[in-house]
Amino acid sequence: MKTLKNILYILPLSLAIACAPEFDEDIPSGDPGSADFTNYVAVGNSLTAGYQSSALRRKRQENSFPAILAEQMKLAGGGEFKQPLLDAGVGIGNTLNAELALGYTMDCKNERSLGPVPSAPQGQIDQFAPAIIGATVANGPYNNVGVPGAKSFHLAFSGYDTLNPFYQRFAIPNEPVINHAVRANPTFFSLWIGNNDVLGYALAGGSSDAVTPNTQFNQVYTGLITALTTNGAKGVVANIPNITSIPHFTTIPTSTPSLRQGQADTLNFIYASYNADLDSAVAKGQINQPQANKRKIFFTAGANPWVIIDTDLNGFVTKTAGGTWPPMRQMNSGELLTLTTPQNSLKCDGMGTASPLTGPNPIPAQYALTRNEIKSINDAVTSYNITIKQLADANGLAFVDANAILEEMEKGLSFNGVTYSTEFVSGGAFSLDGVHPNTVGYAIIANAHIDAINSKYGASLQKVNVNNYEGIVFP
């Protein structure tokens with residue numbers, strides 16, 4: 001079983017044996033081509049704001065991918081890139097938390113391990129205070145209009161500032177995000193939006209939130225492009241990566257540690273009454289035989305799929321002793337668990353298997369993505385990406401295939417002798433929330449935008465050396 005502890009022991013060695021970075025500093029970088037970088041405005045969500053490790057933090061904002069990109073644009077006539085920066089500190093997340101850091105903790109088995117922990121008891125809640133908000137609003141409009149938590153349709157919603165404190169801290173009351181961007185009068189823009197239209201649903205294991213309908217996304221995205229190009233501005237847009245491939249959904253193993261035969265026998269004894277009640281439910285017409293077969297739970301010596309709640313299972317099953325069984329089954333190949341799945345509960349409380357005291361203990365639905373839920377996510381992303389590419393082509397905009405970049409990173413993406421991947425922590429490109437890139441990852445994204453801009457507009461922006469940016473910091 002691959003644990004975070006195992007992963008972290010690998011990282012220092014892999015960095016130690018990496019080749020020394022090499023970078024050509026002499027590439028010409030002063031030609032904007034047919035683009036005008038005088039006033040670059042970036043529009044998007046947390047990925048544009050520079051959010052990482054579960055928080056927005058000034059240190060990270062200063063190295064957001066648009067900030068990195070704007071620095072390269074300055075060498076080709078670009079102007080000031082103003083961001084709604086927080087004061088220096090530990091940052092603030094959507095639960096008023098501080099940014100995560102690597103730290104040591106003791107688990108339920110008294111084993112010491114290294115993993116994500118809050119860097120402070122709480123985040124910089126003063127950054128949402130009226131006085132600071134007032135000063136920040138007065139200094140606008142801003143060039144970085146990235147709002148953590150924003151979905152596509154939120155960008156066009158009047159009153160979104162009342163719902164999202166990250167936008168409220170620099171918004172004119174009732175001004176839609178896209179209006180703020182247009183008010184900044186861009187000569188060039190970037191737009192990366194749509195991730196959150198599926199991410200909220202995925203993070204909740206499909207148990208809450210909802211995937212934005214394709215028709216709504218198409219309509220909203222068309223309106224955003226129209227607004228940003230009305231004054232003749234050129235720009236670059238990015239599509240949506242396959243979010244089920246990011247570390248948040250690929251780190252927790254989907255099967256148990258190897259079981260001894262005696263452990264498997266004990267679990268089968270615990271589930272015997274459940275399996276018998278499934279047969280009884282078929283005889284009573286509560287469920288059909290295929291449903292019963294899908295729900296039956298058996299364990300063998302070795303690794304076994306975890307038991308999960310699947311709310312798509314139809315029909316109730318009564319217990320011989322009274323009451324009903326929850327809709328549970330063992331995980332199928334290709335299904336996923338979220339990084340937030342309680343590790344101590346898996347290790348010590350029988351979650352995902354059973355407890356000798358309380359019986360079957362399935363993993364709650366909010367921690368698991370089933371095949372049907374994954375299909376809903378992937379179908380939406382495919383549709384969104386068709387819309388984004390079509391509108392990029394129709395409006396003569398540069399296009400970044402962020403989905404392809406993530407696919408490359410799954411196999412290992414090398415820069416000047418150092419390889420980055422989607423592995424949690426040891427991959428080196430994602431932050432400690434497993435969702436957002438770290439600063440190295442944002443530098444990779446900035447370079448992808450530079451490639452697209454240079455190709456589309458004949459510019460000669462110089463790419464940055466991603467190895468010069470801060471990755472995960474070890475205690």
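In this structure a side-chain-to-backbone donor-acceptor pair under 3.5 Å is present from Thr226 to Thr222. Ser426 places no side-chain N or O within donor-acceptor distance of the main-chain N or O of Glu423, the cut-off being under 3.5 Å. Checked by atom type and distance alone, the side chain of His449 pairs as donor or acceptor with a backbone atom of Ile445 at under 3.5 Å. Under the 3.5 Å distance criterion, the side-chain polar atoms of Gln127 are left unmatched by any main-chain donor or acceptor of Gln124.
A 4.5 Å side-chain heavy-atom check between Thr353 and Asn361 finds every atom pair outside the cut-off. Taking the side chain as every heavy atom from C-beta outward, Ser54 and Asn97 approach each other to under 4.5 Å. Counting heavy atoms from C-beta outward, Tyr221 and Gln216 have side chains that stay 4.5 Å or more apart.
With values rounded to the nearest 0.5 angstrom, Ile193 atom CD1 is found 7.0 Å from Thr48 atom OG1. To the nearest 0.5 Å, atom CG of residue Asn378 and atom OG1 of residue Thr244 are 4.5 Å apart. Note: Ile363 CD1 to Leu346 CG = 5.0 Å, rounded to the nearest 0.5 Å. The CD atom of Glu407 sits 7.5 Å away from atom CG of Asn242, with the distance rounded to the nearest 0.5 Å. Atoms OG and CG, on Ser355 and Asp349 in that order, are 7.5 Å from each other to the nearest 0.5 Å. Taken from OH in Tyr201 to CG in Asn196, the straight-line distance is 16.0 Å, to the nearest 0.5 Å.
Closest approach of Ile68 and Ala446 over heavy atoms only: CG2-CB, 3.7 Å. The minimum heavy-atom distance linking Gly50 with Leu56 is given by the pair C-CD1, 4.3 Å. The shortest non-hydrogen separation linking Ile252 to Leu339 is CG1-CA, 4.0 Å. Counting all heavy atoms, side chain and backbone alike, Pro116 lies closest to Leu432 at CG-O, 3.8 Å. Smallest separation of non-hydrogen atoms from Phe65 and Ser190: CZ-OG, 4.3 Å. When all heavy atoms of Gly412 and Ser421 are compared, the closest pair comes out as CA-CB, 4.5 Å.
Here disulfide bond (SG atoms under 2.5 Å apart) pairs that include residues 274-354, with residues two or more places apart or in two chains, are Cys108-Cys348. Residue pairs meeting the disulfide bond (SG atoms under 2.5 Å apart) criterion with at least one member in residues 250-325, sequence neighbours excluded, do not occur. Counting only residues at least two apart or on different chains, no ring-ring contact (aromatic ring centres under 6.0 Å, His included) pair has a member in residues 336-359. Counting only residues at least two apart or in different chains, ring-ring contact (aromatic ring centres under 6.0 Å, His included) contacts with residues 369-389 comprise Phe217-Tyr384.
Partners of His436 according to the side chain to side chain donor-acceptor pair (under 3.5 Å) rule, which considers only residues two or more places apart in sequence or in another chain, are Ser46, Asp433. In this view, Ala98 and Val90, Ser119, Ala120 satisfy the side chain to side chain contact (heavy atoms under 4.5 Å, CB included) rule, not counting sequence neighbours. Scanning for side chain to side chain contact (heavy atoms under 4.5 Å, CB included) contacts around Ala171 gives Asp161, Tyr167, with sequence neighbours left out. By the side chain to side chain donor-acceptor pair (under 3.5 Å) test, Asn385 is found to be paired with no residue, residues two or more places apart in sequence or in another chain being considered. Every residue two or more places apart in sequence or in another chain that forms a side chain to side chain donor-acceptor pair (under 3.5 Å) with Asp209 is listed here: Lys151. Residues forming a side chain to side chain donor-acceptor pair (under 3.5 Å) with Thr422 (at least two apart in sequence, or on another chain): none. Residues satisfying the ring-ring contact (aromatic ring centres under 6.0 Å, His included) test with Tyr271, not counting sequence neighbours, are Phe299. By the ring-ring contact (aromatic ring centres under 6.0 Å, His included) test, Tyr274 pairs with Trp325, sequence neighbours left out.
Side-chain atoms of Thr324 and Thr318 form no donor-acceptor pair, as typed in the model, at a separation below 3.5 Å. There is a side-chain donor-acceptor pair under 3.5 Å between Thr212 and Asp197. In summary, the side chains of Asn218 and Thr215 do not present any donor paired with an acceptor at a separation below 3.5 Å, with no hydrogens or angles considered. Side-chain contact annotation: Gln83 with Ser64, donor-acceptor N/O pair under 3.5 Å present.
In summary, Glu62 and Arg58 engage in a salt bridge, as defined by a charged side-chain N under 4.0 Å from a carboxylate O. The pair Lys294-Asp310 fails the salt-bridge criterion, with no side-chain N (NZ, NE, NH1 or NH2) lying under 4.0 Å from an Asp/Glu carboxylate O. For the pair Glu99 and Arg60, the salt-bridge criterion is met [side-chain N within less than 4.0 Å of a carboxylate O]. Between Asp277 and Lys319, no side-chain nitrogen of the basic residue sits less than 4.0 Å from a carboxylate oxygen of the acidic one, so the salt-bridge criterion is not met. Ion pairing of Lys347 with Glu111 is absent here, as no side-chain N (NZ or NE/NH1/NH2) approaches a carboxylate O to less than 4.0 Å.
No more than 12 heavy atoms of other residues, nucleotides or ligands sit less than 6.0 Å from atom NZ of Lys375.
Checked against Asn293 for a side-chain hydrogen bond (donor to acceptor under 3.5 Å, both in side chains), the options Gln289, Arg295, Gln291 give a single hit: Gln289.
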Side chain to side chain donor-acceptor pair (under 3.5 Å), that's the test. Do Asn467 and Tyr420 meet it? Break it down for me.
CA-CA 10 Å; Asn467 301 331; Tyr420 300 97; 2.6 Å; yes
Take Asn63 and Thr439 through the side chain to side chain donor-acceptor pair (under 3.5 Å) test and state the conclusion after the steps.
CA-CA 6 Å; Asn63 287 287; Thr439 305; 5.4 Å; no
Run Arg57 and Gln61 through side chain to side chain donor-acceptor pair (under 3.5 Å) and show every step you take.
CA-CA 6 Å; Arg57 184 181 177 191; Gln61 290 177 284; over 6 Å; no
I'd like to know whether Phe430 forms a ring-ring contact (aromatic ring centres under 6.0 Å, His included) with His248, so could you lay out the CA-CA distance, the side-chain angles of the two residues, the decisive distance to 0.1 Å, and finally the verdict.
CA-CA 10 Å; Phe430 276 84; His248 191 88; over 10 Å; no
